[in-house]
Amino acid sequence: MPAHLLDDSLAEIEACLDAWGEPAYRARQVARWALREGVTSFDAMTDLPAALRARLAETYTLAPPAELARTAADDGLTTKVLLDLGGSEPGAPGFDAVEAVRMDYDPDRPPHAAGTRGRSTVCVSTQAGCAMGCVFCATGQQGFTRNLTTSEILAQVLHFTRGEAGSRVSNVVFMGMGEPLANYGPTLRAVRWLIDPHGLDMRARGVTISTVGLEAPIRRLAAEGLQVGLTVSLHAPDDGLRRRLIPTAGGVTIEGLLDASREYVERTGRRVTFAYALLEGVNDEPAQARRLAERVRGMRAHVNLIPYNPTAGEGMRRPSTARVRAFQRELQAAGVNATVRIERGVEIAAACGQLRTDVVAGGTTQRLSVVDSGTA
């Protein structure tokens with residue numbers, strides 16, 4: 001089977017076309033058609049010579065993944081899809097699919113308007129399943145299948161830009177299934193295609209990479225020269241509790257992650273976000289908030305508090321709103337910028353991995369099903 005075009009970088013496509021005797025600008029044309037226009041056939045690249053289109057089709061593919069399932073919420077402004085990466089039927093060994101979510105904020109306003117209005121964010125996955133094993137995460141309970149390729153990561157964004165009559169995506173967050181920094185090469189190549197002027201031409205500051213906390217890759221990312229956002233999962237103020245919540249944390253320490261995050265801030269000038277999933281009676285006590293504040297105070301960072309999504313695992317509870325706000329107030333009183341995540345897609349179980357879990361549980365009977373629980 002031909003390789004997918006978008007697994008190559010622009011420089012690699014240029015080198016291939018140069019070997020064929022084509023001028024360098026042809027690679028930029030091809031990239032624009034594949035990403036900005038989102039075509040799925042080389043025949044659609046109408047400003048390329050027919051012979052070149054035929055040769056590209058012999059060498060590469062632009063085939064997109066099929067949509068297995070779709071759910072919608074928030075009056076249609078939040079859409080979650082399950083994309084088929086090949087393999088067997090749902091529920092059978094080898095089933096290979098990933099989730100992606102699109103969240104629109106006031107679509108009547110243009111992208112990049114003030115505040116959240118006009119913003120359209122796509123949350124992408126970088127792995128099928130996840131090896132990190134976080135006890136509060138649905139994906140973490142599925143286990144790890146494999147890393148995604150660059151083209152499979154980009155396909156999640158392109159699925160929505162094609163599916164919504166070519167509407168532009170303003171932000172991409174690497175916060176779906178899997179650990180982005182454990183699939184470093186394909187993830188970074190996807191980021192570069194997103195922000196390349198000949199690719200999707202997005203603002204680098206509109207891209208955010210979220211990590212469960214891999215210290216060395218955070219430092220590597222800091223040296224890339226990219227202005228992308230970084231979110232680091234803490235979820236606890238001390239190493240003992242953090243390792244209970246993230247069993248694969250191993251020798252990673254909170255202090256090590258904070259040091260790596262400081263390096264990211266110093267080298268990029270970007271503020272770092274620390275994600276903190278709140279679990280009732282586990283990590284949501286005021287004393288724990290004060291301990292967390294002691295550790296992050298003085299950094300160019302903010303804490304994003306995430307009330308636990310009860311669909312993600314069993315044996316844990318979501319804190320009351322009063323407990324969430326009390327935790328937030330403790331942080332703010334200590335001088336730490338802290339926000340509570342605005343939840344989208346609650347009615348469609350938007351927690352990472354939940355739609356995949358539901359389809360697997362349904363087996364082959366759900367392979368072509370489309371579930372619409374929105375009100376649009």
Side-chain angles (χ1 to χ4, degrees), residues 101 103 116 119 121-127 130 132 134 137 139 147-148 150 153 156-157 169-196 200 202-237 242 246 248-249 252-277 292-293 295-306 331 336-342 352:
V101 180
M103 295 162 284
T116 60
R119 193 174 80 222
T121 298
V122 172
C123 177
V124 299
S125 300
T126 54
Q127 297 177 320
C130 184
M132 295 298 121
C134 300
C137 174
T139 305
N147 288 324
L148 301 192
T150 298
I153 297 170
Q156 298 167 63
V157 181
V169 169
S170 61
N171 296 71
V172 172
V173 294
F174 288 75
M175 297 181 180
M177 298 172 64
E179 166 54 54
L181 296 187
N183 187 22
Y184 193 93
T187 293
L188 262 289
R189 183 166 289 193
V191 169
R192 294 190 185 280
W193 269 127
L194 291 174
I195 65 177
D196 193 303
L200 280 175
M202 293 180 57
R203 300 171 303 117
R205 287 175 174 260
V207 177
T208 298
I209 294 175
S210 178
T211 174
V212 74
L214 302 184
E215 184 179 334
I218 290 173
R219 297 183 190 277
R220 182 180 175 187
L221 182 63
E224 294 283 353
L226 297 172
Q227 282 287 296
V228 299
L230 175 67
T231 295
V232 179
S233 294
L234 288 185
H235 306 315
R242 189 171 189 274
I246 308 173
T248 57
V252 176
T253 65
I254 292 175
E255 196 55 44
L257 290 177
L258 295 180
D259 284 344
S261 299
R262 291 186 188 98
E263 181 176 334
Y264 191 85
V265 172
E266 291 169 2
R267 300 192 70 161
T268 67
R270 298 298 311 275
R271 182 178 71 171
V272 170
T273 295
F274 293 117
Y276 195 100
L292 177 64
R295 308 199 76 157
V296 304
R297 186 168 44 221
M299 291 184 62
R300 188 175 179 185
H302 84 281
V303 176
N304 190 13
L305 301 173
I306 309 165
L331 293 174
V336 174
N337 187 339
T339 57
V340 178
R341 175 175 290 181
I342 299 173
C352 297

(request) State, to 0.1 Å, how close Leu181 and Pro217 come at their nearest heavy-atom pair, and which atoms those are. (result) CB-CB, 3.7 Å
(message) Is the shortest side-chain heavy-atom distance between Leu188 and Leu226 below 4.5 Å?
(response) yes
(message) Any side-chain to backbone donor/acceptor pair from Glu215 onto Val252? Under 3.5 Å, distance only.
(response) no
(message) Is there a side-chain contact between Val191 and Phe174 in this structure, where contact means two heavy atoms from C-beta onward sitting under 4.5 Å apart?
(response) yes
(request) Please report the shortest heavy-atom distance between Ile254 and Pro237, naming the atom on each side. (result) CD1-C, 3.6 Å
(message) Keeping Arg242 on the side-chain end and Ala236 on the backbone end, is there a donor-acceptor pair under 3.5 Å?
(response) no
(request) To the nearest 0.5 angstrom, please state how far the CG atom of Leu194 sits from the CG atom of Leu200. (result) 5.5 Å
(message) Can a donor-acceptor pair be found, under 3.5 Å and without considering hydrogens, that links the side chain of Ser125 to the backbone of Gly176?
(response) no
(message) Please evaluate residues Thr211 and Glu179 with respect to the criterion side-chain hydrogen bond (donor to acceptor under 3.5 Å, both in side chains), reporting the C-alpha separation (whole Å), side-chain torsions for both, the decisive distance (0.1 Å), and the verdict.
(response) CA-CA 6 Å; Thr211 174; Glu179 166 54 54; 2.9 Å; yes
(request) Starting at OH of Tyr264, measure out to CG of Leu257 and round the result to the nearest 0.5 Å. (result) 15.0 Å
(message) Using the rule given for salt bridge (charged side-chain N to carboxylate O under 4.0 Å, His left out), can you reason through Arg262 versus Glu255, listing the C-alpha separation, both sets of side-chain angles and the distance that settles it, and then say yes or no?
(response) CA-CA 10 Å; Arg262 291 186 188 98; Glu255 196 55 44; 3.5 Å; yes
(request) Determine the minimum heavy-atom distance between Cys134 and Val212, stating which atoms define it. (result) SG-CG2, 3.7 Å
(message) Rounded to the nearest 0.5 Å, what separates atom CG in Asn337 from atom CZ in Arg300?
(response) 12.0 Å
(request) State which residues pass side chain to side chain donor-acceptor pair (under 3.5 Å) with Thr121; sequence neighbours excluded, sorted by chain then number. (result) Arg119
(request) Drop me the distance from Arg295's CZ to Leu258's CG, to the nearest 0.5 angstrom. (result) 6.5 Å
(request) Compare every heavy atom of Thr273 with every heavy atom of His302, then report the nearest pair and how far apart it is. (result) CE1-OG1, 2.7 Å
(request) Evaluate the side-chain proximity of Val207 to Gln227: yes if any heavy-atom separation is below 4.5 Å, no if none is. (result) no
(message) Can you list everything that forms a side chain to side chain contact (heavy atoms under 4.5 Å, CB included) with Val336? Sequence neighbours excluded, please.
(response) Ala293, Val296, Arg297, Val303, Leu331
(message) Minimum heavy-atom separation for Met202 and Gly206, please, with both atom names.
(response) CE-O, 4.2 Å
(request) Would you check if Thr231 and Asn304 make a side-chain contact, meaning some heavy-atom pair closer than 4.5 Å? (result) no
(message) Suppose we screen for ring-ring contact (aromatic ring centres under 6.0 Å, His included). Which residues come up paired with Tyr276, at least two apart in sequence or across chains?
(response) Phe327
(message) Given Ile218, which partner from the list Ile209, Leu230, Val272, Asp259 fulfils the side-chain contact (heavy atoms from CB on, under 4.5 Å) test?
(response) Leu230
(request) Considering non-hydrogen atoms only, spot the tightest contact between Ala222 and Thr268 and give its length. (result) O-CG2, 4.1 Å
(request) Please round to the nearest 0.5 Å and tell me the distance separating atom CZ of Arg267 and atom CG of Leu221. (result) 10.5 Å
(message) Testing Asn147, Asn183, Thr187 one by one against Gln127 for a side chain to side chain donor-acceptor pair (under 3.5 Å), which residue passes?
(response) Asn147
(request) Hey, could you give me the CE/SG distance between Met177 and Cys123, rounded to the nearest 0.5 Å? (result) 11.0 Å
